[in-house]
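Note that this is a predicted model, so its numbers are computed, not measured.
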Amino acid sequence: MITKRRRFLGQVAALAGGHVLVALGGAGADEAFAASDTTSTTSVSTAPSTDGTVIPTATSIVDRQRNVWTLKSGIVYKNGVRDKDSYNVSLLLWYGGMIYQRGTGGQFYVMTWANRWLPCTDPRIPMSVAAGAFYGINGHYDYPFTPQQIISTLQALGCTSYRVGCIATDAQLKPMIALADAFRPIGFTLLPLLNYGLRDRNGYLYASEHDAYVANRAGAAAVAKVLGPHGITMYECGNELTRDRAIILDSRQAGTGPHDFNNTNWPILRGAIQGMIDGVKSVQPSAKCAVNFTVADIGASDLLWDGEQPNGSGGYRKMRWDITTWHNYQPYGDIFQIGIDGAGPGFNLPAYCKARYGVPFMITEWNAAPEEDEQFRATYVQQKLQRFYAARKNEGIQAVMYYDLLSGDHTYGIVMNDLAPIDPTHTAFSAFTASNADQ
């Protein structure tokens with residue numbers, strides 16, 4: 001988050017090795033299935049199927065929890081128990097740690113961690129995104145440097161995109177205008193993070209969805225009105241709002257299920273984010289609006305996308321965004337195999353988002369934990385950039401933005417207060433970008 005230099009990730013302190021160490025017990029996990037037939041049994045010694053396994057031609061799929069999935073006469077079975085919600089299934093697919101089915105009509109569905117089939121596209125289809133902004137980094141509007149100094153620092157790292165948080169005040173927008181004007185001739189991308197959210201200027205939670213919508217819409221429109229004429233065409237609407245204490249019920253949870261979120265306050269979140277999107281679009285109809293999530297909060301992103309409440313009620317406005325953005329710090333685990341509620345096996349989160357939402361994906365914050373030394377961080381940077389780079393074409397990853405540029409105490413930054421490199425991390429980063437073209 002943009003304020004991470006002031007507070008770290010205590011909200012998920014129970015995360016380790018990519019898995020949440022608080023078990024939900026799997027309550028209701030088998031309620032989506034009705035026992036009507038027995039076709040197979042499961043064995044704890046059975047190895048998980050190879051990624052991409054499909055029925056047909058395989059006769060069964062074993063997931064990472066050692067459940068055995070079969071398909072018979074168009075009906076899906078899990079451990080021999082008939083899935084009451086499946087019929088006319090022509091294909092069963094194991095991909096990215098999740099089960100997908102295709103109906104005879106061609107529509108794909110994914111089995112979520114909430115034990116529901118949700119509509120999606122075939123996750124195996126690659127998503128192409130525009131090159132030129134893949135390598136990025138976070139900064140702040142109040143850095144005491146000229147735009148040219150920022151540009152030179154980014155160029156030394158091989159970065160061409162830069163994320164900066166702001167609201168509609170002169171003190172914050174004037175530096176943004178200067179950056180935008182300097183970036184435009186050289187083709188750099190400036191991503192403004194709209195730092196609005198669930199609370200008013202006094203820190204009080206908005207009283208209603210309407211109040212949150214109106215306030216956030218006005219703020220976002222004011223920012224877009226100022227920055228749009230300076231070439232800004234993309235905005236991130238909110239920062240880790242699903243992890244606000246008013247929204248996440250227990251910050252130790254991964255966020256993969258709707259039950260992880262506060263039903264009473266959910267409309268405020270919905271109003272705040274939709275307000276930002278509508279505010280930007282009211283000024284710049286063609287601008288791209290991104291919505292941000294973190295940890296493994298697909299429970300939250302699905303609720304917003306499908307117009308539902310955490311208690312399962314629906315019929316609300318279905319939110320649509322142009323870019324999905326996510327944060328992925330070391331304690332959360334590998335985003336391509338991130339842990340689920342109950343400390344279960346992980347799944348490929350970008351692949352899931354690609355299939356569900358069909359829009360480009362950005363990792364707008366990532367780094368090692370703050371207590372790690374620079375040698376560890378340098379190795380982590382090299383490994384993560386390699387993984388991100390390898391997945392960028394298939395999973396539609398448009399940008400990965402390191403957090404962050406400046407650090408006087410070596411906690412997160414990659415340069416010191418005088419812009420001197422922090423090594424070996426700086427060298428690891430710049431060497432990778434120099435050897436792996438953004439094309």
Side-chain angles (χ1 to χ4, degrees), residues 1-6 130-196 219-220 222-237 239 280 283-284 287-290 323 325 362-367 398-409 411-422 425-427 429-430 433-434 437-438:
M1 61 184 62
I2 286 297
T3 57
K4 203 168 265 85
R5 53 183 171 173
R6 291 185 287 275
F134 182 73
Y135 298 114
I137 204 160
N138 283 263
H140 301 271
Y141 71 88
D142 57 353
Y143 282 166
F145 308 113
T146 66
Q148 188 54 54
Q149 286 176 304
I150 296 292
I151 289 171
S152 296
T153 305
L154 296 182
Q155 289 173 329
L157 285 163
C159 291
T160 55
S161 61
Y162 192 53
R163 175 178 180 255
V164 180
C166 68
I167 59 173
T169 66
D170 284 348
Q172 298 189 28
L173 290 180
K174 285 181 179 179
M176 297 291 286
I177 291 170
L179 284 169
D181 288 344
F183 280 13
R184 200 172 182 179
I186 60 173
F188 275 25
T189 298
L190 178 62
L191 174 62
L193 160 64
L194 301 178
N195 256 330
Y196 294 102
V223 172
K225 184 177 181 180
V226 172
L227 296 184
H230 295 271
I232 301 301
T233 60
M234 180 169 52
Y235 302 83
E236 190 175 31
C237 299
N239 187 71
V280 169
V283 176
Q284 290 181 259
K288 302 295 185 183
C289 288
I323 303 165
T325 72
M362 292 184 179
I363 301 172
T364 52
E365 291 186 23
W366 65 278
N367 204 330
Q398 187 169 334
V400 292
M401 299 179 175
Y402 188 77
Y403 190 93
D404 61 338
L405 184 63
L406 191 68
S407 177
D409 59 4
T411 302
Y412 279 114
I414 202 163
V415 298
M416 296 294 289
N417 285 341
D418 60 357
L419 299 181
I422 298 176
T425 308
H426 189 284
T427 296
F429 196 111
S430 58
T433 61
D438 177 9

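- Residues A180 and L190 share a closest heavy-atom pair of N-CD2, 3.8 Å.
- L194 and C237 get closest at one heavy-atom pair: CD1-SG, 4.1 Å.
- To the nearest 0.5 Å, atom OG1 of residue T427 and atom CD1 of residue I422 are 11.5 Å apart.
- Side-chain contact between F145 and T153 is absent, with no heavy atoms from C-beta onward closer than 4.5 Å.
- The ring-ring contact (aromatic ring centres under 6.0 Å, His included) search around Y141 returns none, not counting sequence neighbours.
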* Evaluate the side-chain hydrogen bond (donor to acceptor under 3.5 Å, both in side chains) criterion for residues Y143 and Q149: first the C-alpha distance (whole Å), next the side-chain angles of each, then the deciding distance (0.1 Å), finally the verdict. => CA-CA 10 Å; Y143 282 166; Q149 286 176 304; over 6 Å; no
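- Considering every non-hydrogen atom in both A168 and A222, the closest pair reads CB-CB, 3.6 Å.
- Residues I232 and P192 share a closest heavy-atom pair of CG2-CG, 3.6 Å.
- The distance from the CD1 atom of I323 to the NZ atom of K288 is 7.5 Å, given to the nearest 0.5 Å.
- Not one N or O on the side chain of T425 forms a donor-acceptor pair closer than 3.5 Å with the backbone of I414.
- Taking 4.5 Å as the limit, every side-chain heavy atom of E236 sits out of range of all side-chain heavy atoms of M401.
- How far OG of S161 is from CE of M362: 7.0 Å, rounded to the nearest 0.5 Å.
- Listed for the N195 side chain is no donor-acceptor partner under 3.5 Å among the backbone atoms of N239.
- With values rounded to the nearest 0.5 angstrom, L406 atom CG is found 9.5 Å from D142 atom CG.
- Among the candidates L191, T189, I150, the single residue satisfying the side-chain contact (heavy atoms from CB on, under 4.5 Å) test with Y162 is I150.
- At distances below 3.5 Å, at least one donor-acceptor pair connects side-chain atoms of D438 with backbone N or O atoms of G132.
- Separation of atoms OH (Y412) and CG (N138) is listed at 11.5 Å; rounding is to 0.5 Å.
- Taking the six-membered ring for Trp, Y403 and W366 have ring centres at least 6.0 Å apart.
- Using a 4.5 Å heavy-atom cutoff, the side chains of L405 and V415 are in contact.
- Not one N or O on the side chain of Q284 forms a donor-acceptor pair closer than 3.5 Å with the backbone of L227.
- For the atom pair CZ of F183 and CD1 of I151, the computed distance is 5.5 Å after rounding to the nearest 0.5 Å.
- The heavy-atom pair separating V280 from A224 by the smallest distance is CA-CB, 4.2 Å.
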* Report the C-alpha distance between L173 and C166 in whole Å, list the side-chain angles of each, state the deciding distance to 0.1 Å, and finish with yes or no for side chain to side chain contact (heavy atoms under 4.5 Å, CB included). => CA-CA 7 Å; L173 290 180; C166 68; 4.2 Å; yes
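- In terms of modelled atom types and a separation under 3.5 Å, the side chain of Q172 and the main chain of I167 share a donor-acceptor contact.
- Across A156 and H426, no two heavy atoms sit closer than the pair O-CE1, 4.2 Å.
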